[in-house]
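Proteins get letters first, then strands, A, B, ... in listed order; numbering begins at 1 in each.
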There are 2 protein chains.
Amino acid sequence: MGIGNVSERRLAQPQIGVSVVILALGPHGDSEASGHSRLWLPLVRRVKQPFMGAWALPGGDLRVGHSLEESAFKALESTTELHPKYLEQLYTFGDPARSSGGLPMVSIVYWALVGEAETKDFAEVDNVRWFPADELPDLAFDHRRIIEYALWRSRSKLEYPDIATKLVGEEFTLSQLHDVYEAVTGQPLDLANFRRKMLASGHLEDTGRKRHVGRSRPATVYRYRHDGTANEDFPLPAVVNPPRSAGRSDDALSALMPS
Amino acid sequence: MGIGNVSERRLAQPQIGVSVVILALGPHGDSEASGHSRLWLPLVRRVKQPFMGAWALPGGDLRVGHSLEESAFKALESTTELHPKYLEQLYTFGDPARSSGGLPMVSIVYWALVGEAETKDFAEVDNVRWFPADELPDLAFDHRRIIEYALWRSRSKLEYPDIATKLVGEEFTLSQLHDVYEAVTGQPLDLANFRRKMLASGHLEDTGRKRHVGRSRPATVYRYRHDGTANEDFPLPAVVNPPRSAGRSDDALSALMPS
DNA sequence: CCAAAAGTGTTACTCTTACACCCATGT
DNA sequence: ACATGGGTGTAAGAGTAACACTTTTGG
């Protein structure tokens, strides 16, 4: 098989890219602190046809010589400057109809979580704006459906308790964790039973410290125990808590590479 | 952006292909009817470098103008002549290290189930041979890991009861269904409790007929009720019972196309 | 009558749910 | 002292697991 053949086959193939649905916890109302939270996600405004001017998921090209996760991480970083604590493959979309008008496109979509601290209060910068997950604008391509799938996946994965941890931060009170669960599922959840179930799971560790909020009794601060009894999930590549050393983005990326 | 640019970007991208892990129920022992079953899967012998001569998952190129599911279905059909009743996307693998020695390769892997009737008693034809899922030979690339993931996925999806149905056929007795569960999980399962749980689920419908096997009491024959209360799975494209009209393969494919 | 598989009953136990209640703290 | 969230108690009910038991068939 000559080089010419290989080139021809490659030319016959669709373009490949990566996109990322990133979720973060944010305030509920535009009005003010209503106590409860909901999920927000950042979208970028397209600067090319098709769908120029419309909102779309952050994404980019596949980087040759890098894993898919690295490509997704890099794409996300270069468009939004976010460094997710959790990044997992969601699905690959490749229907010819999805790129209405454009070139055929296969998108490998990742799903990410960032803590509230990362989000810099949801202000719009450049062409990136945060939207509440239940009040999305019109979106380019099939991105609305992709987001709905990501939200569904986040709900079904919530039973693995470390997922909630990624949204709430390293240390948290049981009320905060409870708040995350309600934000993700959209359902009210009995706090008393939630507390018992979480503590019984053995995954929470008391830090010894307490946290005050208002004029009320201080709450115990917990930490998630990453150790021990491996979870029941299959070990596929996923970015979990990349140790970011002092902000340089290449460091964050290199931390993702095996070996 | 001129055409030249587009070509260049495409050339920088890895090759894309589809692969399929197909599972079927088969006999347990080489010796003979030991009553119980286990999972089998077909592999094809590679006729190209790298890994020439090694066993690998069936697969093929992406077909332009066709959906990913269609490409997977076609690839499977042309290599093994199987027509899965269930075909669902599993995962996309794209690590540069996986194509050791070859060109960089992104594989969109699908996961399929076929009934025992489809398999023509597991005889080796051409370069296709069936292997028990727990006695695999050495495999090309990272295909062993991919199969392990598919097996894990089949176990975790078994709670959706229609999965078992795809392996056992349209109509079945509760013992047969029980046998599938034990084959997939590898665990023994109390038949009495299994029976009650299945019947209580409301998904099984009595056909009114009975089936005799040996010198024993005849068993009620059930059918899976596909109707009604939508399952809790997210509706992504998946091939479910493509109505094959009299064997011509193009018909099977066209049945997969939307609208 | 007997073996073998189909199918039912029963009991103990765990897990879930709903909700009443007490506790510690800042104002 | 009292409002506010933090945290515990408890009892009813659903679901699970283990295993003894009865039923229907062919030989």
> Can you check the A:Phe194 CZ to D:dT8 P distance for me, whole Å?
Replying inline: 14 Å

> Rounded to whole angstroms, how far apart are CE on A:Met198 and C1' on D:dG7?
Replying inline: 16 Å

>> side chain to side chain contact (heavy atoms under 4.5 Å, CB included), that's the test. Do A:Met198 and A:Tyr181 meet it? Break it down for me.
In response: CA-CA 12 Å; A:Met198 280 297 144; A:Tyr181 272 73; 3.2 Å; yes

Checking [Y] against [X]: is there a side-chain donor and acceptor pair closer than 3.5 Å?
X: A:Arg153; Y: A:Tyr149; answer: yes
X: A:Ser67; Y: B:Asp95; answer: no
X: B:Tyr110; Y: B:Glu69; answer: yes

> Going 5' to 3' along DNA chain C, which nucleotides are the first and last within contact of chain B (any atom under 4.0 Å from a heavy atom)?
Replying inline: C:dA4 to C:dT10

>> Once you apply a heavy-atom cut-off of 4.0 Å, does B:Ser175 come out as touching a base, just sugar-phosphate, or nothing?
In response: sugar-phosphate

> Which part of the nucleic acid, if any, lies within reach of B:Thr220 when heavy atoms closer than 4.0 Å are counted: base, sugar-phosphate only, or nothing?
Replying inline: sugar-phosphate

salt_bridge([X], [Y]) N-O dist < 4.0 Å:
X: A:Asp206; Y: A:Arg223; answer: no
X: A:Arg38; Y: A:Glu135; answer: yes
X: B:Lys166; Y: B:Glu88; answer: no

> Tell me, which of residues 204-215 of chain A have any heavy atom that sits under 4.0 Å from an atom in DNA chain D?
Replying inline: A:Arg215

>> Tell me whether the rings of A:Tyr86 and A:Trp111 are parallel (<30°), tilted (30 to 60°) or perpendicular (>60°).
In response: perpendicular

> A:Ile147 and side chain to side chain contact (heavy atoms under 4.5 Å, CB included): which partner among A:Leu23, A:Leu41, A:Val109?
Replying inline: A:Leu41

>> Testing A:Val184, A:Leu113, A:Asp162, A:Asp233 one by one against A:Lys157 for a side chain to side chain contact (heavy atoms under 4.5 Å, CB included), which residue passes?
In response: A:Asp233

Nucleotides 17-21 of chain D: which of its N/O atoms have a protein N/O under 3.5 Å away?
residue: D:dA18; atom: N7; partner: B:Asn193; partner atom: ND2; Å: 2.9
residue: D:dA18; atom: N6; partner: B:Asn193; partner atom: OD1; Å: 3.2
residue: D:dA18; atom: N6; partner: B:Arg196; partner atom: NH2; Å: 3.4

